[in-house]
Asks: 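Could you have a look at this structure, given as structure tokens, before my questions?
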Protein chains: 2
Amino acid sequence: MVIRSGRPRQAREREQAREPEQAKSPESRETKAARAVRKEPPHLTPELIHATALAMVDADGIEGLSMRKLAAALDVNPMSLYHHVPNKAALLLGISQLAVADLRIAPARDDTPWPRQLRQIGHSFRALAHQHSNLIVYLLAHPGFIQREGPLWGALCHTLRRAGLPDAEVGRIGNVLLTFVSGFVLAEINGSLGDLLDSGDAAEIDRGFEAGLDILVAGLAAHGASPAT
Amino acid sequence: MVIRSGRPRQAREREQAREPEQAKSPESRETKAARAVRKEPPHLTPELIHATALAMVDADGIEGLSMRKLAAALDVNPMSLYHHVPNKAALLLGISQLAVADLRIAPARDDTPWPRQLRQIGHSFRALAHQHSNLIVYLLAHPGFIQREGPLWGALCHTLRRAGLPDAEVGRIGNVLLTFVSGFVLAEINGSLGDLLDSGDAAEIDRGFEAGLDILVAGLAAHGASPAT
DNA sequence: ACCTGAACACCGTTCAAGT
DNA sequence: ACCTGAACACCGTTCAAGT
């Protein structure tokens with residue numbers, strides 16, 4: 001369970017490519033440099049392992065990822081991975097955190113009308129789903145993806161409270177909105193949505209998503225939310 | 001690891017235990033009876049294989065099903081299965097058809113108001129999801145579960161047309177409703193719903209589902225559906 | 001016609017041994 | 001401290017051989 005934060009991932013990788021500023025010990029930096037000169041495979045780190053694994057999932061789906069194939073991609077013995085990642089479950093947790101870090105929720109601005117803010121949250125989620133579609137399918141089918149402490153759930157609840165919903169209903173309705181968006185992107189990604197339509201083109205799918213947001217916003221207003229703000 | 005339980009399966013097995021009404025040929029019935037007398041393991045048939053596999057998935061999840069464990073449960077050599085089922089993908093297709101057969105959509109009655117009928121469809125789907133929760137998680141993550149020709153999609157479109165939606169919007173809005181229900185039951189089954197709530201009790205989850213239906217029906221009315229009928 | 005054992009190419013993971 | 005080869009207990013599936 002060693003997951004490093006991995007916030008600005010690219011910066012971190014660049015940091016590794018050149019000499020790291022704060023190396024743990026002089027020796028480790030020397031050997032790292034020595035290896036780089038000898039053109040050996042890069043030092044294994046949890047960050048590199050997670051990033052490579054995420055790239056594999058993005059490219060080939062969850063089934064395309066195995067400890068052994070990951071090791072091959074890193075040009076390393078399969079067993080070496082276990083010195084940096086306890087097991088495959090932890091690896092999947094790590095790459096999911098890496099992917100979720102790409103989620104960009106617009107900062108809560110209380111001057112934008114709540115329907116617009118609700119739509120923005122929905123679009124952010126959908127954008128993330130498109131970015132890591134293979135992973136999202138896996139994540140939605142397993143618990144713990146959306147967290148109560150996460151920015152998405154926080155923004156959602158904040159907006160619903162701002163729409164005038166009583167406290168007792170915020171969580172309830174938040175779940176309704178979230179499950180619609182989840183279900184939609186899931187069906188969209190696995191192709192079900194297109195199958196059920198006469199014309200399964202991308203624009204029609206987009207219109208379906210907007211229609212869903214329309215209906216939910218309208219229903220929310222009818223349900224007791226304050227119409228304006 | 002012999003799992004013999006499985007709820008609705010028992011009736012099905014009884015049916016097979018006594019003489020099937022429409023046996024394929026006289027010989028096959030005779031040998032089946034003969035074997036039963038000698039207390040040999042039951043004849044392998046696709047039906048028995050599918051029913052047993054479904055029971056295993058219901059009990060232990062998708063990961064709990066393997067060709068080898070299935071064979072062990074049937075007291076048979078693993079390779080024998082391949083004479084009745086081409087491969088594991090076909091097996092999963094078979095058990096999903098078995099499960100979907102349990103879906104009971106109320107017959108289309110044009111005298112019940114469309115909101116009530118929409119809710120009924122949602123409840124039918126959720127009931128099925130509860131009945132085979134492990135399988136539904138797998139099915140929702142893979143394409144081809146809901147079919148255009150199936151009773152659920154048919155009933156959904158019929159009802160939306162009856163609500164006065166223009167043809168161009170029936171498929172679009174049908175997808176919205178279906179993806180909400182799918183996303184909800186998925187999150188419900190994998191525990192996400194409870195995690196996000198203060199009190200994750202079953203009654204609160206039920207209320208959330210009803211709230212979702214409320215909002216969608218209200219939004220649909222605002223969206224242009226005829227209010228009554 | 002139905003079943004089976006051996007075999008192949010994969011998995012995740014443990015562990016003792018190497019440097 | 002880091003890496004590795006051998007090994008174990010699993011997979012799905014093929015195929016030739018049995019009855």
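Each chain gets a letter, A, B and so on, in the order the sequences are listed, and its residues count up from 1.
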Asks: Encode nucleotides 8-15 of chain C as B, S and - characters from 5' to 3', where the letter depends on protein heavy atoms closer than 4.0 Å: B to the base, S only to sugar-phosphate, - to neither.
Replies: ---BBBB-

Asks: So, using ring-ring contact (aromatic ring centres under 6.0 Å, His included) as the criterion, who are the partners of A/Phe145 when residues are at least two apart?
Replies: none

Asks: Looking at B/Arg207 and B/Glu210, is there a salt bridge between them, counting it only when a charged N and a carboxylate O are closer than 4.0 Å?
Replies: no

Asks: Is there a donor-acceptor pair closer than 3.5 Å between any side-chain N or O of A/His50 and the backbone N or O of A/Pro46?
Replies: yes

Asks: Whom does D/dT19 pair with, Watson-Crick or G-U wobble, provided both distances fall under 3.5 Å?
Replies: C/dA1

Asks: Spell out, as yes or no, whether a donor-acceptor pair under 3.5 Å connects the side chain of A/Asn190 to the backbone of B/Leu140.
Replies: yes

Asks: Taking atom types as modelled, find out whether B/His130 and B/Glu188 have a side-chain donor-acceptor pair closer than 3.5 angstrom.
Replies: yes

Asks: Counting Watson-Crick and G-U wobble pairs only, both distances under 3.5 Å, name the nucleotide matched with C/dT13, or none.
Replies: D/dA7

Asks: In this structure, how many angstroms lie between the P atom of D/dA1 and the NE2 atom of A/His84, rounded?
Replies: 13 Å

Asks: Using only modelled atom types and a 3.5 angstrom limit, is any donor from either the side chain of A/His83 or the base of D/dC2 paired with an acceptor on the other?
Replies: no

Asks: Donor-acceptor check, side chain of A/Asn134 to backbone of A/Ile62, threshold 3.5 angstrom: yes or no?
Replies: no

